[in-house]
S.K.: 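I'd like to ask you about the structure that follows.
Owing to the predicted nature of the structure, the values given are computational and were not obtained by experimental measurement. Start at 1 with the first residue, then count along the sequence.
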Amino acid sequence: MPESNFVDYVKIYCRSGKGGRGSMHLRHVKYQPNGGPDGGDGGKGGSVILRGNHNYWTLLHLKYQRHVYAQHGGNGAKAKCHGTNGKDEYIDVPCGTVVYDAETGKYVCDVTYDGQEVVLLKGGRGGLGNFQFRTATNQAPRYAQPGEPMQEMTVILELKLLADVGLVGFPNAGKSTLLSALSSARPKIANYPFTTLEPSLGIVGYHDRQSFVMADIPGIIEGASEGKGLGLRFLRHIERNSLLLFMVPGDTADIKKEYEILLGELRNFNPEMLDKHRVLAVTKCDLLDDELIEMLKATIPDDLPVVFISSVANQGLNELKDVLWRELNSESNKLQEITAEDTLVHRNKDMSRFAAEMKEEGEYGDIEFVDEEDIEDLDDFEYEE
């Protein structure tokens, strides 16, 4: 089975360049016995810089580039010659990429817009040559500075999709069908759970040639915030969405209870996601008559807009787009986006699940993780020669 091209999680080793050392040289030529110091400075080491690029939408180009090295600075030379500066190494990443330290899980930086440059590792400064240390009382210094050392770090790059509307629902709630009905995206649609194994983006057209971006993530089940199903891996893709569209099938026994379960999973994963605007769409309404729909209206939550739709029968889709557009452009939603840009707080990565995530991504291959508690006495363990 061919491997998916959607890569949203990579681990790479980065190293900046070290600064070149300064030169310790005394000028001595014919007819100038007291030429004095003329050692040049060392060059600056190259830096590792992250750069946002809207032409990329996954981290596939970094999956097999596991080592990034910047160039070292050149050493100084005689005749006050300056060493060459090391070339900076740029890492192009899609917008919405977040960087964590792989050792501690601490948040490092993120890239949110096209052309944004963030210095991940700064190159070392070049050392000064002995020409810089000349004074009236020390006219022939016989020492120079070494260059600053390089910096190195193993980082985790995570992609969080940037979209206007994020679809939230249980498996087989009709998320992929809705995305295919409103946009030109063609996600996989089938009558079994977890058909969607990777997020999909679609551009939904609106009046006067306006549009907004809709993101479909794999279905969420109860306990997804604890690692069950596929929810934990893909829940981060709706953290940056402006609006959350909850989708519950109309043939569900208790719509409000299912909505509360989805809301609880988001709360456990990231409580800040509850501050986003929410819309509830009751799907598969082509299976319901008008009388049953009126009965369902009395059991649904009344604290958010509710739309009854059917993607197959093209029922209520225009009304849904009107509601989504109105919520996206509401003054409270715009104010919330401006505030979030200024006070956006990133959580550190939970390293307790790091080994399981890296094993899932194939980082450690066939290595089997064994807890120390499972080994009764490590001192009695015998190694085969």
Side-chain angles (χ1 to χ4, degrees), residues 7 9-25 37-56 58-134 141-159 344 346 348-349 351 363:
V7 178
Y9 190 105
V10 295
K11 176 185 175 184
I12 60 177
Y13 170 79
C14 302
R15 189 198 68 189
S16 63
K18 62 182 179 180
R21 65 177 182 271
S23 173
M24 198 292 296
H25 187 267
D38 67 342
D41 302 338
K44 176 182 176 297
S47 302
V48 178
I49 303 174
L50 294 175
R51 180 171 56 189
N53 191 336
H54 67 275
N55 294 320
Y56 291 101
T58 70
L59 299 172
L60 178 64
H61 60 291
L62 298 175
K63 184 175 182 180
Y64 301 104
Q65 185 183 355
R66 297 304 180 92
H67 300 85
V68 177
Y69 301 123
Q71 189 178 15
H72 297 308
N75 299 326
K78 62 181 181 179
K80 294 181 283 188
C81 291
H82 193 284
T84 57
N85 292 328
K87 183 180 179 182
D88 295 333
E89 188 69 25
Y90 287 88
I91 304 177
D92 288 330
V93 294
C95 300
T97 302
V98 184
V99 183
Y100 299 94
D101 188 342
E103 300 292 335
T104 62
K106 185 178 180 180
Y107 163 79
V108 178
C109 63
D110 67 338
V111 181
T112 57
Y113 59 87
D114 181 55
Q116 179 183 2
E117 294 185 0
V118 179
V119 179
L120 183 61
L121 296 176
K122 188 176 181 180
R125 292 182 299 178
L128 298 178
N130 65 338
F131 176 77
Q132 302 288 350
F133 297 101
R134 71 195 189 285
R142 286 173 169 79
Y143 53 85
Q145 281 184 339
E148 286 187 348
M150 60 190 178
Q151 297 179 2
E152 56 184 354
M153 180 189 299
T154 302
V155 297
I156 297 173
L157 302 182
E158 282 189 357
L159 174 61
L344 184 62
H346 292 273
N348 294 333
K349 188 172 181 61
M351 299 304 291
E363 181 72 22

S.K.: Please report the interatomic distance CD1(Ile91) to NE2(His61), rounded to the nearest 0.5 Å.
M.R.: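 That separation rounds to 8.5 Å.
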S.K.: Walk me through whether Met150 and Arg15 qualify under side chain to side chain contact (heavy atoms under 4.5 Å, CB included).
M.R.: CA-CA 7 Å; Met150 60 190 178; Arg15 189 198 68 189; 3.2 Å; yes
S.K.: Does any non-hydrogen side-chain atom of Val111 lie less than 4.5 Å from one of Cys95?
M.R.: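 Sidechains of Val111 and Cys95: no contact.
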S.K.: Do Leu120 and Val108 have side chains that get closer than 4.5 Å, going by heavy atoms?
M.R.: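 Of all side-chain heavy-atom pairs linking Val108 with Leu120, at least one is under 4.5 Å.
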S.K.: Evaluate the side chain to side chain contact (heavy atoms under 4.5 Å, CB included) criterion for residues Tyr9 and Ile156: first the C-alpha distance (whole Å), next the side-chain angles of each, then the deciding distance (0.1 Å), finally the verdict.
M.R.: CA-CA 7 Å; Tyr9 190 105; Ile156 297 173; 3.9 Å; yes
S.K.: Between Asp101 and Met153, is any pair of side-chain heavy atoms under 4.5 Å apart?
M.R.: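 In short, these two side chains touch, coming nearer than 4.5 Å.
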S.K.: Would you compute the distance between atom CD of Glu89 and atom CZ of Arg51 and round it to the nearest 0.5 angstrom?
M.R.: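 Rounded to the nearest 0.5 Å, the CD-CZ separation comes out at 10.0 Å.
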S.K.: Compare all side-chain heavy atoms of Thr154 with those of Ile12 and state whether any distance is below 4.5 angstrom.
M.R.: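 No, side chains not in contact.
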S.K.: Report the residues that fulfil ring pair (Phe, Tyr, Trp, His ring centres under 6.0 Å) with Tyr143, sequence neighbours left out, ordered by chain and then residue number.
M.R.: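 With neighbours one apart ignored, the set is Phe133.
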S.K.: Using only atom types and a distance under 3.5 Å, with no angle test, would you say the side chain of Gln132 pairs donor to acceptor with the backbone of Leu128?
M.R.: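 No, Gln132 side chain to Leu128 backbone: no donor-acceptor pair under 3.5 Å.
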S.K.: Does NZ or CZ of Arg66 come closer than 6.0 Å to the centre of the six-membered ring of Tyr64, within 45° of the ring's axis?
M.R.: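 Checked: cation-pi criterion not met.
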S.K.: For residues Ser23 and Asn130, determine if any side-chain heavy atom of one lies less than 4.5 Å from a side-chain heavy atom of the other.
M.R.: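 Side chain of Ser23 against side chain of Asn130, heavy atoms only: no contact under 4.5 Å found.
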S.K.: Check whether any side-chain heavy atom of Lys106 sits under 4.5 Å from a side-chain heavy atom of Tyr100, and report yes or no.
M.R.: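 They are not in side-chain contact.
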S.K.: Taking side chain as C-beta onward, heavy atoms only, is Glu117 less than 4.5 Å from Tyr90?
M.R.: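 Yes, close enough: below the 4.5 Å cut-off.
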S.K.: Tell me, with the steps shown, if Thr97 and Leu59 meet side chain to side chain contact (heavy atoms under 4.5 Å, CB included).
M.R.: CA-CA 9 Å; Thr97 302; Leu59 299 172; 4.2 Å; yes
S.K.: Looking only at heavy atoms, which two atoms of Val118 and Asp110 are closest? And how far apart?
M.R.: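 Nearest heavy atoms, Val118 then Asp110: CG2-O, 4.1 Å.
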S.K.: Any side-chain heavy atom of Val98 within less than 4.5 Å of one from Tyr107?
M.R.: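 A side-chain contact exists here, since the closest heavy-atom pair is under 4.5 Å.
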S.K.: Would you check, one step at a time, whether the test side chain to side chain contact (heavy atoms under 4.5 Å, CB included) holds for Cys14 with Val48?
M.R.: CA-CA 7 Å; Cys14 302; Val48 178; 4.3 Å; yes
S.K.: Identify the two heavy atoms, one from Leu50 and one from Cys109, that lie closest to each other, and give their separation to 0.1 Å.
M.R.: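 The answer is CD1-SG, 3.8 Å.
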S.K.: Taking all heavy atoms of Asn85 and all of Lys44, pick out the closest pair and write down the distance.
M.R.: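 Shortest heavy-atom contact: OD1-N, 2.9 Å.
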S.K.: Can you give each donor-acceptor pair under 3.5 Å made by side-chain atoms of residues 67-82, sequence neighbours left out, with the distance rounded to 0.1 Å?
M.R.:
unit_1, atom_1, unit_2, atom_2, d
Gln71, OE1, Lys87, N, 3.1
His72, ND1, Lys18, N, 2.9
Asn75, OD1, Arg21, N, 3.1

S.K.: Whether the side chain of Asn53 engages the backbone of Asp92 through a donor-acceptor N/O pair (distance < 3.5 Å, no angle test) should be reported.
M.R.: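 A pair under 3.5 Å: no.
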S.K.: How far apart are the closest heavy atoms of Val119 and Ser47, and which atoms are they?
M.R.: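 So the minimum-distance heavy-atom pair works out to CG1-CB, 4.3 Å.
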